[in-house]
Structures are given as C-alpha cells and as structure tokens.
Amino acid sequence: MINFNDDLFEVASKMFERKQAAARYHAVEPWAQDLWDQLRTSGFTTLGRDATVADHCALAKAVGAYAVALPLVDTGLARWAAEHAGLSVADEEIVVCAGLALGDDLVGSVDASGGMSITGHARRVPWASRADVLIAPVRIGDRVRWARLRRADVDFNESVNLASEPRDDLTITAVVPTEVADEAPRVKDVRARGALLRAASGVGAMEFALNASLTYAEQRTQFGRPLSGFQAVQHHLVMMAEAVASVSSAVDAAVFSPPEQRLMRVAAAKVIFGEQSAVLTRLAHQVHGAIGATEEHPLHTRTRRLWSWQDEFGTATQWAVELATQLVFATSPGAWPVLTPPLTVLASRDVGETVPW
Amino acid sequence: MINFNDDLFEVASKMFERKQAAARYHAVEPWAQDLWDQLRTSGFTTLGRDATVADHCALAKAVGAYAVALPLVDTGLARWAAEHAGLSVADEEIVVCAGLALGDDLVGSVDASGGMSITGHARRVPWASRADVLIAPVRIGDRVRWARLRRADVDFNESVNLASEPRDDLTITAVVPTEVADEAPRVKDVRARGALLRAASGVGAMEFALNASLTYAEQRTQFGRPLSGFQAVQHHLVMMAEAVASVSSAVDAAVFSPPEQRLMRVAAAKVIFGEQSAVLTRLAHQVHGAIGATEEHPLHTRTRRLWSWQDEFGTATQWAVELATQLVFATSPGAWPVLTPPLTVLASRDVGETVPW
Amino acid sequence: MITFPSSELTDDELALRDQVRAFMADYRAQGHRLQLGINAEPDPEFSKLISRRGWVGMSIPVEYSGHGRTAVDRFVVVEEMLAAGAPISAHWVGDRQTAQMLLRFGTEAQKRRFLPRIVTSDVFFCLGMSEPESGSDLASVRTRATRTDGGWILNGQKVWTSGAQYADYAVTLCRTEPLGQSKHVGLSQLLVDLKADGVTVSPIRLLNGAHHFNEVFFDDVFVPDELLLGKPGDGWHQVTSELAHERSGPDRFLSVMPIVQLLYERQRARDLDLEMSEMLGRLFAMYMTFRSMSLSIARRLDAGELPAVEAALVKDMGTEFENQAVAVLRRLVNAEIDPRGGEFEALLADAVITAPTFTLRGGTNEVLRGVIAKDLIRNRRRVA
Amino acid sequence: MITFPSSELTDDELALRDQVRAFMADYRAQGHRLQLGINAEPDPEFSKLISRRGWVGMSIPVEYSGHGRTAVDRFVVVEEMLAAGAPISAHWVGDRQTAQMLLRFGTEAQKRRFLPRIVTSDVFFCLGMSEPESGSDLASVRTRATRTDGGWILNGQKVWTSGAQYADYAVTLCRTEPLGQSKHVGLSQLLVDLKADGVTVSPIRLLNGAHHFNEVFFDDVFVPDELLLGKPGDGWHQVTSELAHERSGPDRFLSVMPIVQLLYERQRARDLDLEMSEMLGRLFAMYMTFRSMSLSIARRLDAGELPAVEAALVKDMGTEFENQAVAVLRRLVNAEIDPRGGEFEALLADAVITAPTFTLRGGTNEVLRGVIAKDLIRNRRRVA
C-alpha cells in the first residue's frame with residue numbers, strides 16, 4: 001500500500017521471494033543463513049543512521065510481508081541507536097537493543113579503579129540469543145548512558161513470541177561493557193522507533209493477509225458460488241482493507257511527520273496498528289475457514305506475528321495512555337489544536353525527537 | 001419472549017394496544033389520563049408487595065413494549081418499598097422513590113420538640129413532577145430511614161430523559177415528612193429492583209424493535225429484492241435476536257433467582273441489558289434506514305427509551321463494577337464457584353435480598 | 001490498490017488554518033453554542049459571514065468570482081469549522097457538491113449564473129436524489145421529466161431532501177427517457193427552482209425533533225431548458241462521478257469532535273486516570289488517522305483524480321468510528337445523560353439520539369461496502 | 001419465537017455438581033495443568049477415569065449399561081469439566097453426539113454393541129463430515145458407498161476429522177445413491193472402523209502445532225451392513241436433527257474460562273482497580289447469561305424438544321464472546337505474552353492463537369446466522 005521507500009521495499013521483497021520459492025516455504029523461517037549472508041552483501045544488515053526512517057520502515061514492511069525470521073529490523077534499530085550514540089559496531093556483528101521494556105533495569109557502577117560493571121535484568125529482548133553484541137541503556141547515578149556488551153557475557157533464558165521469534169530474558173551480573181556513551185538518542189525515542197518499525201512490519205503482514213483472503217475468497221466455492229459472492233464475506237474483506245489502509249496511513253504519517261509531532265504520530269500508529277490488526281487477523285481467519293488455521297497454511301506465519309507485534313515495544317493501551325499524556329495538559333489550547341498543532345503548541349513540550357529521524 | 005407472568009403481560013398489553021389504536025399513536029404518549037384511570041380500575045397502579053417481582057417485571061415489560069408514558073413502573077417500585085417499610089400510600093396516590101441516585105443526599109434533623117425536618121437534594125427522580133407523594137431514604141445520624149413527603153412541599157427543576165420521560169431534580173429544604181419508617185428494604189435492594197425493572201421494560205422495547213425490523217426487512221425492497229434477502233441485513237437481524245434473547249434470559253434468571261444470588265443476577269441483567277440494547281438499537285436503526293430515524297416512525301419511541309434505561313438505576317459499567325465487587329473476594333473459592341455458587345459460598349456475604357422478592 | 005499517501009499542510013495552508021481557527025475561537029467567545037457537524041441548524045447568516053471571509057466556494061475559479069483555491073484549502077476550512085461546531089449546513093450542499101458539478105458538467109451560462117452566488121452564499125442548493133421506494137438504490141428513481149416547449153415538465157416526489165425548507169434550488173435526479181434495459185440510462189439532473197409553481201416542500205422531522213429533511217413534491221413543474229444540468233441522459237454519470245467529493249470529507253468523522261472538545265476542556269487541568277487516558281488516547285489516534293486519510297483524498301482531488309473507492313472507505317470507517325466515539329463518551333460519562341443539562345450533556349444527548357443516522361446519510365454503509373468490495377475483487381483479478 | 005425459559009438446578013443436580021467440582025479440584029491439586037475446552041489434548045486415561053465415576057454416557061438408558069440420567073445432568077458434568085480445564089476431548093464426540101444418534105437412529109444391535117462401551121470409554125468416535133470442497137456445505141459430500149454383498153464399499157476423503165488418530169470409529173456421512181435433484185437425498189451415515197483395510201489417517205496440524213484434526217482417506221473400504229446407521233438415505237435427517245446437541249453446549253462459551261479462573265486467582269486477594277472490576281464484571285455477566293441459556297436448552301432436550309435454532313444462537317453468540325473474552329484478557333494483561341511463561345501466560349498465548357477456530361468449528365458462524373435468520377423470517381411470516 002504505502003512503501004515509504006518503494007525501491008528498497010521492492011529489492012528486499014525480491015530477495016525474500018526467491019528464498020521462499022527455493023525453500024518451498026510460505027515464510028522465510030526458520031533461520032536462513034544463506035539469506036542473511038546475501039542480505040549482508042546487499043548492505044541490508046548494516047542499515048544504520050545513514051538510512052532514513054523511511055528506509056528502515058520499508059525494510060521492516062518487507063520483513064513483515066514475507067515473515068522473514070531474521071533480526072533484520074532489530075539490528076537496524078540497534079545500529080541506528082549505536083551510531084547516534086557513538087558506539088562502534090562492526091559490519092559483520094549482529095547487534096540488538098536490550099533494556100527497552102518497561103520495568104527493565106540495568107545499573108552501572110564504577111569501582112575504585114574507574115572500571116565500570118553492569119548488573120540487572122532485561123526482559124524479552126528480541127533476537128538476543130542470536131546477537132553478537134547488545135547495546136542497552138544503563139542507569140549510572142541519576143544519568144542514563146548507552147553501554148555496549150558482548151552477548152557472551154550475558155546469561156539468557158531463551159523464550160519466544162507467539163510467532164516463535166526469539167524473545168529472551170537476560171540476566172546481567174557484573175558485566176564489564178566494551179564501550180559506554182552518553183544517552184543520545186533518548187531511550188524513549190529508541191522505544192518509539194521500535195514501535196513504529198513493528199507497525200511498519202505489521203503493514204506488510206496485514207497486506208499479505210488481505211491479499212491471501214481475497215485470493216481465497218475468489219477461488220473457494222461454497223453452496224455453489226465463490227465465497228467472494230457472499231455479502232458477509234465481502235464485508236469481512238472490506239473491513240480488512242480498512243484495517244490495512246488505516247494502519248498504513250498512520251505509519252506513513254509518522255514516518256513523514258514534522259519533528260515536533262513524531263512522538264504523537266508514532267503513538268497513534270501503534271494504537272491504530274494494535275486495534276486494526278486485531279480486527280484483520282480475526283477476519284482473515286474467518287474468511288479462510290479451517291484451512292487457514294492449519295500449520296501448513298501460510299496465514300498463521302503472518303497472523304501470529306501480528307498478535308505479538310501488537311504488544312511489542314508497548315501495547316496499544318500503553319501507547320494510548322502515552323498519547324493522552326502527551327496531548328492533555330493544563331495549558332493546552334484544546335483538543336483539536338493539539339491534534340492538529342501549529343508549531344507553537346507542541347514546541348514548548350517535551351514531545352519531539354531530538355535525533356535525526 | 002419471556003413474560004415472567006404471561007397473563008398479566010397479556011392483559012396489560014391489550015389495554016395499551018387499544019389505547020394506541022384509538023389515539024393513532026405508535027406509542028402511548030404523552031400523558032393519557034383515561035388510560036391511567038383505566039389502569040387504576042384494573043388495579044395496575046396499586047401493585048405493591050402483594051405482587052411478585054415476576055408480576056412487576058411483566059407489567060414493566062408491557063410498558064416497554066408499548067412505550068407507555070405513564071409512571072406505572074416507578075409507582076409500583078415505590079409502593080412495594082413503601083409497603084415493606086410500613087409507610088402508608090393511598091390507592092389514588094401516585095408515589096415514586098426519590099434519592100436513589102448515586103450522590104443523592106437527604107439529611108433529617110430532629111428539633112427540640114421532637115419534630116423532624118429533611119433537607120438535601122435528589123437528582124433525576126422519575127416522574128417526580130407527576131407524583132402526589134415521594135418516599136425517600138433519609139440519613140439521620142448514622143442511620144438511614146424511609147420518609148414520606150408531599151410532592152407539594154418539594155422544589156423541582158423539571159427535566160427529562162432521552163425519551164422525554166420526566167426525570168426531575170429535587171431540592172428539599174426543611175421539609176417535614178408526613179411519615180417515617182425504618183430502613184427496610186435496604187436502599188441498595190430498592191435500587192437493584194429498579195434496575196431490574198428497567199431491564200424488564202427494556203426487553204419489551206427490544207422485542208418491539210426486533211419485530212419492527214423483521215417486518216420492515218420483509219416488506220421493503222431494494223435493488224429488486226426484499227431487504228431480508230441480503231445477507232448483511234440477515235446478520236443484523238440475527239444479532240438483534242441474540243440481543244433480545246440474552247437480555248430476556250438474564251432478566252428471567254434474576255426474577256427467578258434463589259435469594260442469595262439475586263443481587264448478582266440483577267447486576268448481570270443490567271450489564272447485559274446495557275451492552276446488548278446498545279447493539280440492538282444501532283442495528284434496528286441501520287435496518288430501518290432513514291425512515292426509522294424520523295419522528296413519525298414508532299422505532300424511536302423504543303430506542304430512545306432504551307438509550308436512557310441503559311443508564312437509569314445505574315449504568316452497565318457501574319453494575320459491572322458492583323458485580324465484580326460482589327464476586328471477587330480474598331476468601332473466594334475461585335471464579336467458577338462464585339459464578340455458579342453452592343449455597344454456602346455466597347451465604348456468608350452481604351449479597352442477598354433481605355425482603356420478599 | 002486502495003492507497004492513502006500521506007501529506008502535510010504547506011505553510012500557506014497552515015496560515016489559512018490559523019485564520020479560520022482564530023475566527024472560530026472568536027465566534028465561540030461570542031456565546032454561540034457548539035453544534036454537531038452537518039446536523040447543525042442551518043444558519044444562512046453564518047454562511048454569509050464566512051462567505052465574506054472567502055471561505056465558501058473556495059475552489060471555484062476566479063473567472064466565476066470564486067477564490068481559485070484548492071480542494072485542500074477547502075478541506076482545511078471545513079475541518080476547522082466542523083471541529084469547532086460551526087453551523088455550516090446552509091451552504092454545505094452548494095459548496096461541497098453543486099459547485100463541483102456545475103464546474104464539471106454545467107453550461108457556461110449555468111456557471112456564470114450560479115457560481116458567483118454560491119461564493120457569496122446568495123444561493124443555496126439541496127439534493128433531490130432519494131425517493132420513497134429508492135433508498136440507496138438511486139438509479140431506481142421514478143420522478144420523470146417530459147419534454148415540452150422550451151423545457152421540461154417534472155412530476156414526482158423526493159424524500160430526505162435536506163435543507164429544502166430554505167434552499168433556492170434542488171438538484172433533482174429524474175428520468176428523462178423511458179426506462180430501458182439499463183436503469184442507469186436516460187437519467188438527467190434538473191436544477192429545480194423551489195419557488196416554482198407546483199413545488200411543495202413538506203418537512204420530515206427527525207427522531208430528535210430536528211428539521212433537516214423534507215419531502216419535495218413536483219406537480220407539473222416547468223423547468224426551463226437552461227436549468228438542465230449538462231446534457232440529457234448524463235444524470236447517472238454526473239451523480240456517481242461526484243461521490244469522491246461527497247464521501248471523503250471531514251464531516252464523515254468529525255461530527256462528535258465538539259463533544260470531545262468539551263470533555264477535553266473539563267479534563268485538561270485534572271489528573272487523568274488510566275481509563276480516561278486510554279480511551280482519550282484511542283480516540284485521538286483515530287482522529288489523527290482519519291484526518292490523514294481524508295487529507296490524502298483532498299490532495300488527490302487537487303491532482304485531478306477521483307478516488308471514489310477511497311472516499312467510500314473513509315466514509316464507512318469514519319461513520320462507524322463516530323458511533324464508537326459516542327459509545328466511548330457515554331462510557332466515560334458513566335451516568336444518566338440530562339438532555340437539558342449543560343452544553344456538554346445536551347450535545348452528548350443529541351449525539352446519542354442522532355448517531356444512528358451517521359451510517360445512513362449519503363448511502364448506507366452496507367451499500368458503500370458493496371462498492372469497496374467490488375473494487376477489491378476487481379483489482380485482485382487484475383493482479384492475478 | 002426463539003425462547004430461553006430460565007431454570008435452576010435441582011438439589012440432586014447441585015449435589016452432582018458438587019461431586020464433580022470436588023473431583024476436579026482434587027485432579028488439579030495433583031498437578032495437572034488446565035486446558036482450553038475441546039482444544040484440550042485428548043487423554044483416554046482421563047476419559048476412563050471419569051467413566052468409572054459414571055460421568056460418560058450419562059443419558060444413555062440403563063438397559064444399555066448407561067446411567068439413565070438427563071441432558072441436564074450431562075450439562076452439569078460438562079460445564080464443571082470445561083470450567084476446570086479438564087482434558088475431555090477423547091470421549092467428547094461419542095458422549096455428545098454418537099450416543100444420541102445411536103439411541104435415536106441406530107438398530108438394536110448397534111445400540112447393544114456400542115452404547116455400553118461408550119459408557120466405559122472403551123470405544124471412541126470421531127465424525128467424518130467435512131470434505132475438502134464441502135466446508136460448511138455438508139450436503140455437498142462426494143464420499144460415496146456402493147452396494148456390495150453384505151455391505152458397502154466406501155471411497156472418498158474426509159477432512160477436519162478431529163480425533164481420528166485415536167478414535168475407533170468414524171461416523172461417516174456419504175452418498176449411497178446417485179446425486180439427484182436434491183443433494184440432501186441419498187445420503188447415509190456409516191460407522192467406519194478406522195482399523196479396517198483401506199483407511200488412511202493423516203494428521204493436519206493446527207497453527208499452534210497441535211494435532212486435533214486429520215484427513216481420513218477411504219480406499220475401497222468394506223463396511224458391513226450392520227454398520228450402516230439406521231436406514232439408507234436417512235443421513236441428512238440424522239445429521240441435522242442432532243445439531244441441537246452439538247451446538248448448544250458449554251463448550252461454546254467456556255473455552256477460555258480456565259484463563260479467567262487463573263486471572264481470578266491472581267486478583268482475588270488484591271484491591272481491584274476500576275478498570276479490572278469493570279472488565280471482570282462484564283465477563284462475569286456474560287458467563288452467567290450464556291450458562292442460563294445453555295441450561296435452558298438442556299432442559300428442553302430433556303423435555304423431548306430439539307431447539308436447534310436456539311442452539312445455533314448460543315453457539316454463534318458464545319463463540320463470538322469467547323473471542324471478545326480473549327481480547328479483554330489481553331487488554332487486562334497489557335503486556336507481551338510469553339508462551340513459555342507461567343500457566344496463565346501459556347494458556348493465554350494458546351487462546352490468542354486458537355481463538356480464530358472457535359467461530360469455525362461445527363459450522364462457521366456465517367452459516368449459523370443463515371440458519372437463525374431463516375427461522376426469524378419464517379416465524380415472522382407465520383405471525384403476519
């Protein structure tokens with residue numbers, strides 16, 4: 001629907017499509033080392049601050065469209081953050097962000113000789129067990145800094161999300177970071193960008209589910225006519241198209257947002273994604289009937305991701321609360337002016353991104 | 001659907017139907033003195049503790065089915081309460097309960113000579129401006145007692161609900177009650193009974209709306225076939241039938257409840273009524289199209305009542321909270337055992353009715 | 001594919017918005033009560049007032065005394081007006097639809113005669129589309145015009161004609177040729193002078209007592225040739241090609257924004273509890289998104305496209321959302337609503353009662369979904 | 001009219017409930033994990049265990065070694081089992097449907113042969129209804145049996161046959177006469193021994209990896225005459241007349257009750273915040289109401305009625321509710337769900353993934369609504 005960066009989306013999609021065809025998979029899973037190597041050669045694994053948020057979202061969308069079980073999106077997020085923070089990451093390293101979940105707490109302490117060590121825990125870190133390097137926000141006194149850790153130094157409790165993508169709990173005990181930098185970008189900005197990337201991946205997965213449903217409804221006959229001839233099925237398809245259109249539009253609006261509206265638009269996109277993808281997944285399965293709920297059918301490779309991505313980097317509820325917190329304040333000129341702000345309304349409030357988008 | 005007391009429902013319905021036919025009304029409104037007189041002759045205006053809750057609900061259902069704009073339900077509730085409290089109400093008097101709304105506060109004080117006077121306010125009292133007598137719970141020290149007041153002694157701010165039924169705000173200033181009695185029945189039980197009666201009226205109004213929609217869908221053609229031939233319309237009708245069936249069943253379960261489950265079943269009935277009547281009203285109007293939203297069409301005489309009755313004697317949200325408060329407690333054996341309690345589970349808790357149902 | 005490429009307002013558009021916003025703040029400060037979208041009471045004086053500001057007939061070219069501005073400029077004005085609860089219904093039909101229709105299909109004489117007066121709010125239009133038995137099936141109209149010397153003789157009946165009680169002309173869809181194989185052939189639109197002999201307007205009151213709609217009866221009404229819109233037989237094409245203008249606007253999702261505004265004003269100085277935050281946040285997210293989608297359509301109109309399916313999608317989804325928004329507001333209020341209470345309660349009461357009409361006006365949502373589904377399936381077939 | 005007269009459990013029924021409840025409390029205390037409704041892993045041992053308690057084949061008459069109890073007694077047992085997350089799927093089909101079908105349509109020999117073994121969980125059944133191209137349109141089956149000496153030769157293929165991997169017999173709907181004008185004519189049901197030559201069972205894994213369903217292939221399978229259910233050609237009547245048994249049960253609204261139970265256990269000692277109270281209260285109200293409606297149907301079954309439309313209504317509404325309940329639970333959890341987390345999280349994860357199947361099993365909800373609508377309209381016509 002909206003590709004943020006059409007060219008990049010197309011190039012990535014072609015690579016994923018070839019892989020799927022070769023592997024006779026409906027989705028690119030499980031771990032495909034050959035594809036990862038190919039992505040590295042093409043520069044997709046090292047997208048960082050040199051790429052725009054539109055580029056990152058285009059790639060994320062392709063990952064969702066093809067259900068690519070590789071940490072392409074999360075390593076992109078971490079590289080972007082690390083490069084802005086000034087932490088070094090080698091081209092061949094897989095790096096992910098830890099410590100972005102609510103409740104995570106990593107504390108750094110400095111010993112007498114000036115050496116730093118980090119202790120704490122981080123929950124549900126995406127792809128941590130597959131990473132070479134982790135970067136994480138660490139509390140040192142009343143400041144937050146970004147630290148770079150070797151994955152090998154960290155204890156894991158491996159788990160997964162509803163789509164079996166790695167989401168690992170970390171226990172960090174007196175680990176010496178390989179590098180430390182100031183908090184730039186802010187943790188909230190990295191989390192917001194993560195939320196947006198999940199929604200962008202969601203658009204890809206939702207489009208797949210809509211197209212698969214349209215195809216199925218056309219091909220499958222029941223009571224002597226194609227499913228797409230039934231008004232109830234047509235209405236299901238329309239509600240799915242509405243879901244795709246609204247999430248796609250909300251993500252697009254966030255990607256191309258003026259700086260002072262970025263955080264509110266990301267919040268809105270994640271809320272809309274959460275609500276509308278829930279509608280879409282339900283209807284996609286309803287249209288497909290029992291066949292769509294089987295392991296062999298590709299539908300679940302997208303719907304299971306959608307069910308998890310809805311909640312990752314903050315649930316729709318959490319982002320709705322965040323959005324209201326941003327937009328309701330005592331000195332506000334009113335509801336409509338904060339929803340459609342002239343520059344002056346939000347500029348004074350701490351709602352903008354401070355680093356390049 | 002379920003009439004609680006079929007005979008009483010039928011008799012009342014016939015009277016309402018004749019009146020509607022004579023007046024060429026689609027609903028019995030505005031105030032119809034002749035009908036009131038006839039109802040009095042038949043004993044319907046003096047239904048009190050002699051009648052069961054099933055009788056009261058049957059009458060309430062008929063009132064809803066025919067959109068009867070007379071205080072039959074509310075005077076029945078007040079008579080039942082007054083008779084249990086031992087307050088006297090003459091046969092010809094119209095009596096209603098005041099002071100049942102959340103936040104209402106009426107305070108009685110006793111002067112040196114032992115005379116009592118009452119001061120305070122009561123919001124949205126049904127039909128107060130049409131009543132001769134009010135009965136109300138009054139706070140005297142740390143006790144609550146029922147007082148009987150002359151309507152003429154009370155100041156009014158007349159208002160209405162969404163169906164233009166009188167719902168008046170009262171200001172009471174040093175009014176001497178004509179009679180005072182102990183708090184029996186408890187205020188919470190009277191409010192619960194009021195809630196149940198609204199839901200019972202709701203069943204009548206919902207059945208009307210369903211039947212009107214079925215008839216319209218059969219008679220009205222569009223794109224060359226009856227509306228009832230469209231799958232989308234059929235699904236609307238089914239959801240409406242589901243709404244009617246569930247509310248009807250929930251009210252019935254409350255009416256015929258074992259004593260210790262009454263309050264929880266009333267709560268459930270009011271919750272289900274609130275949720276399902278919202279579904280039904282929306283679909284009834286959708287099926288009827290523009291014609292159903294005109295003043296001339298009878299549909300709104302029921303849907304506007306339903307929109308108000310949902311909230312009267314407590315909203316669905318308030319009753320949901322009340323239900324959870326009844327059923328979630330530290331010593332509880334679990335969710336299922338409180339939803340389907342053996343006698344022992346609830347008997348120890350203050351959830352039962354203390355007066356005859 | 002159904003697409004909604006996003007865009008931002010330009011600095012000029014933002015400046016226009018600031019002007020309208022300031023104007024409406026002023027207007028409200030004078031004590032005018034907020035109203036609900038196109039359900040507002042018509043107020044010809046208000047229409048004239050904003051005409052003088054240049055905010056009616058904005059996209060009419062300068063050669064017809066218009067302002068030669070864009071569909072987006074109009075979008076900016078309209079969304080500000082609706083969000084601020086302005087009474088825009090008097091000029092609504094002429095501004096939104098009739099002007100576009102005259103521009104695309106009208107004769108030069110018709111453009112010169114009517115467009116300047118639309119711009120000044122000196123002429124108001126209403127639409128004679130639906131008929132007692134036609135409903136959303138517009139093509140089944142029975143009102144017919146037969147040829148006579150120098151014009152047409154019109155007979156028939158229209159319903160749901162909003163504003164006929166004060167409008168000057170009704171754009172009337174009628175059959176000008178006998179019904180043949182296709183009911184879409186042989187239809188035309190006449191601009192019928194509502195003061196002409198043989199026209200009777202009879203009010204239809206809504207369930208809240210409001211008078212928006214009318215029945216209009218035509219009894220041997222003479223309509224001169226110069227009031228036939230475009231060519232005879234073009235009626236169906238004219239009607240359907242304007243749907244993108246009719247359906248995509250902010251009026252399809254902003255009707256209850258004034259109530260949100262009032263709630264917001266009550267809340268902004270308080271601590272928000274979690275439930276209130278969550279519900280407001282969800283509403284905000286929807287408003288932001290519908291606004292993006294609707295703006296996207298306005299941009300495409302300016303690019304010469306007619307994204308009718310996208311417009312239908314916004315209307316279906318937006319009006320369903322308006323109903324949900326009313327439900328959310330009720331849940332937040334969580335008490336009986338007093339229709340004679342303060343401005344907030346009175347507006348909410350009106351919204352509860354009129355919300356069912358949101359999904360019926362301008363084609364029921366069931367019909368819209370049929371349009372969208374057909375497009376989805378057709379496009380799928382093209383790809384496959 | 002679609003009616004659900006309410007009723008209460010009698011003292012005897014309450015006593016039965018207490019027994020089952022105590023049994024299940026004990027069972028859980030032994031460390032068995034809760035499971036989700038009829039999606040539970042089949043556990044023949046559990047089936048045998050409760051058979052010994054007299055809780056399988058309850059309504060089978062004593063003359064066939066059953067317990068001669070009522071549909072309500074069975075309802076009481078089943079709802080306790082489901083609410084407690086018991087693994088009831090092994091005996092489920094035989095207990096719910098096949099026993100009823102044998103009683104109503106079976107030959108005396110069939111009753112004597114199968115009913116006692118259903119009661120002891122020594123024979124398990126599955127249903128061969130759907131076919132690859134038939135879906136909810138059961139009557140369009142292509143599996144056919146042709147007459148042979150002393151029986152039938154069966155060829156064809158079934159899908160969505162749950163439990164075929166451990167069941168002994170598949171009750172198989174097939175065509176025994178050539179397709180004529182009505183596709184409902186000429187169908188029969190065969191009790192096919194799944195160990196017979198020519199039968200192949202092949203698993204269909206669900207999206208969560210679970211193995212409930214199978215494809216079953218029949219390749220010249222010989223089915224002796226004594227395993228034809230009732231009379232040839234009665235298949236359609238047999239299938240449709242059992243729908244009230246199939247559709248109304250507590251399995252249609254209690255699937256996620258074990259998760260509510262676990263949430264409740266976490267909450268009961270805490271102060272409930274308002275949002276949690278409201279959402280729990282709404283869930284409770286729905287559970288109470290569905291339970292009343294389902295019990296009402298069981299009473300009517302005991303009275304000899306077959307309230308098929310009421311059953312369809314409960315199934316449609318109940319399974320939609322189950323989906324909403326999952327959404328509410330997710331909203332209350334308000335965090336990522338760890339499928340390898342504790343019992344609560346693991347069950348919730350499973351519910352999220354399998355919820356879409358709730359509205360598909362046993363006839364999609366779209367099909368059920370068609371059935372209900374037809375009845376509503378027919379009854380309306382009768383009254384009018």
Side-chain angles (χ1 to χ4, degrees), chain B residues 1-2 210-211 214-215 217-218 228 231 233-235 237-242 244-258 264-265 267-272 275 316-340 342-343, chain D residues 1-9 14 17-18 21 25 79-80 83-84 257 260-265 267-270 272 274 276-293 296 310 313-314 316-317 320 366 368-370 372-374 376-377 379-381 383-384:
Chain B
M1 184 134 319
I2 292 159
L210 170 60
N211 288 330
L214 279 165
T215 304
E218 276 283 87
S228 63
Q231 197 182 22
V233 174
Q234 290 182 0
H235 286 200
L237 295 169
V238 168
M239 287 184 72
M240 292 171 69
E242 290 174 349
V244 174
S246 57
V247 179
S248 193
S249 171
V251 172
D252 207 48
V255 165
F256 297 109
S257 171
M264 67 183 261
R265 293 208 187 166
K270 197 63 166 52
V271 170
I272 301 290
E275 290 182 356
T317 296
Q318 286 159 354
W319 279 106
V321 170
E322 164 68 21
L323 183 57
T325 308
Q326 285 177 35
L327 297 188
V328 185
F329 49 98
T331 60
S332 160
W336 185 248
V338 294
L339 288 172
T340 57
L343 286 182
Chain D
M1 263 315 209
I2 300 175
T3 59
F4 293 89
S6 81
S7 84
E8 302 299 322
L9 295 183
L14 284 170
R17 188 172 74 182
D18 283 349
R21 193 170 283 182
E79 69 167 356
E80 285 304 313
M257 187 69 215
V260 175
Q261 178 70 24
L262 291 171
L263 176 70
Y264 186 98
E265 289 172 9
Q267 289 298 326
R268 69 184 148 193
R270 303 184 198 170
L272 293 179
L274 267 186
M276 175 71 84
S277 297
E278 179 186 345
M279 291 200 190
L280 279 180
R282 288 180 189 267
L283 286 182
F284 289 165
M286 291 300 277
Y287 277 117
M288 289 165 63
T289 304
F290 283 120
R291 204 189 153 263
S292 284
M293 293 168 81
S296 172
E310 282 80 358
L313 188 148
V314 170
D316 178 43
M317 204 176 176
E320 295 286 339
E366 286 79 2
L368 295 175
R369 288 182 199 155
I372 303 165
K374 207 179 282 182
L376 286 170
I377 293 164
N379 275 314
R380 183 72 211 154
R381 284 192 187 140
V383 172

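Here the structure is a predicted model, which is why all the values come from computation and not from measurement. Letters A, B, ... mirror the listed sequences (proteins, then strands); counts begin at 1.
- Counting only distance, with no hydrogens or angles, the side chain of D:R282 and the backbone of B:I272 share no donor-acceptor pair below 3.5 Å.
- Both the backbone and the side chain of D:F284 have a heavy atom closer than 4.5 Å to some heavy atom of chain B.
- For the residue pair D:E79 / B:W336, no side-chain donor-acceptor distance below 3.5 Å is found, with atom types taken as modelled.
- Neither the backbone nor the side chain of B:A217 comes within less than 4.5 Å of any heavy atom in chain D.
- With rounding to the nearest 0.5 Å, the separation of CE in D:M317 from CE in B:M239 is 8.0 Å.
- Interface summary for chain D: among B:T215, B:L237, B:T340, B:V321, the most heavy-atom pairs under 4.5 angstrom belong to B:T340.
- A distance-only check finds no donor-acceptor pair linking the side chain of D:R268 to the backbone of B:V328 [under 3.5 Å].
- Contact count versus chain B (heavy atoms, under 4.5 Å) is highest, among D:L272, D:L376, D:L9, D:L274, for D:L376.
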Legend entry - Candidate pair D:E278 and B:Q318, rule side-chain contact (heavy atoms from CB on, under 4.5 Å), full reasoning: CA-CA 8 Å; D:E278 179 186 345; B:Q318 286 159 354; over 6 Å; no
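- Judged by distance alone, the side chain of B:D252 and the main-chain N or O of D:S6 form a donor-acceptor pair under 3.5 Å.
- Neither the backbone nor the side chain of B:E322 has a heavy atom closer than 4.5 Å to any heavy atom of chain D.
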Inset, instruction - Show your working on side-chain contact (heavy atoms from CB on, under 4.5 Å) between B:Q234 and D:K374 and close with a plain yes or no. - result: CA-CA 8 Å; B:Q234 290 182 0; D:K374 207 179 282 182; over 6 Å; no
Inset, instruction - Start with the C-alpha gap between D:E366 and B:H235, add the side-chain angles, then the distance that decides, and say whether side-chain contact (heavy atoms from CB on, under 4.5 Å) holds. - result: CA-CA 8 Å; D:E366 286 79 2; B:H235 286 200; 4.1 Å; yes
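- Between chain B and the residues D:S292, D:A373, D:S296, D:S277, the largest count of heavy-atom pairs under 4.5 Å involves D:S277.
- Of the listed residues D:R291, D:E265, D:Q267, the one with more heavy-atom pairs under 4.5 angstrom with chain B than any other is D:R291.
- Looking only at heavy-atom pairs under 4.5 Å with chain D, the residue among B:V247, B:L323, B:V238 that has the most is B:V238.
- Heavy-atom distances place the side chain of D:M288, and not its backbone, under 4.5 Å from chain B.
- Heavy-atom pairs under 4.5 Å with chain B peak, among D:L280, D:L262, D:L313, at D:L313.
- Listed by chain and residue number, D:E8 satisfy the salt bridge (Lys or Arg N to Asp or Glu O under 4.0 Å) test with B:R265 (two or more places apart in sequence, or in another chain).
- Contact of D:M257 with chain B is made through the side chain alone, with heavy-atom distances under 4.5 Å.
- Within the structure, no pair that satisfies the salt bridge (charged side-chain N to carboxylate O under 4.0 Å, His left out) test touches residues 329-339 of chain B, not counting sequence neighbours.
- When each of B:S257, B:S246, B:S228 is checked for heavy-atom pairs under 4.5 Å with chain D, B:S246 comes out on top.
- One finds the CD atom of B:E218 at 5.5 Å from the CD1 atom of D:I377 (value rounded to the nearest 0.5 Å).
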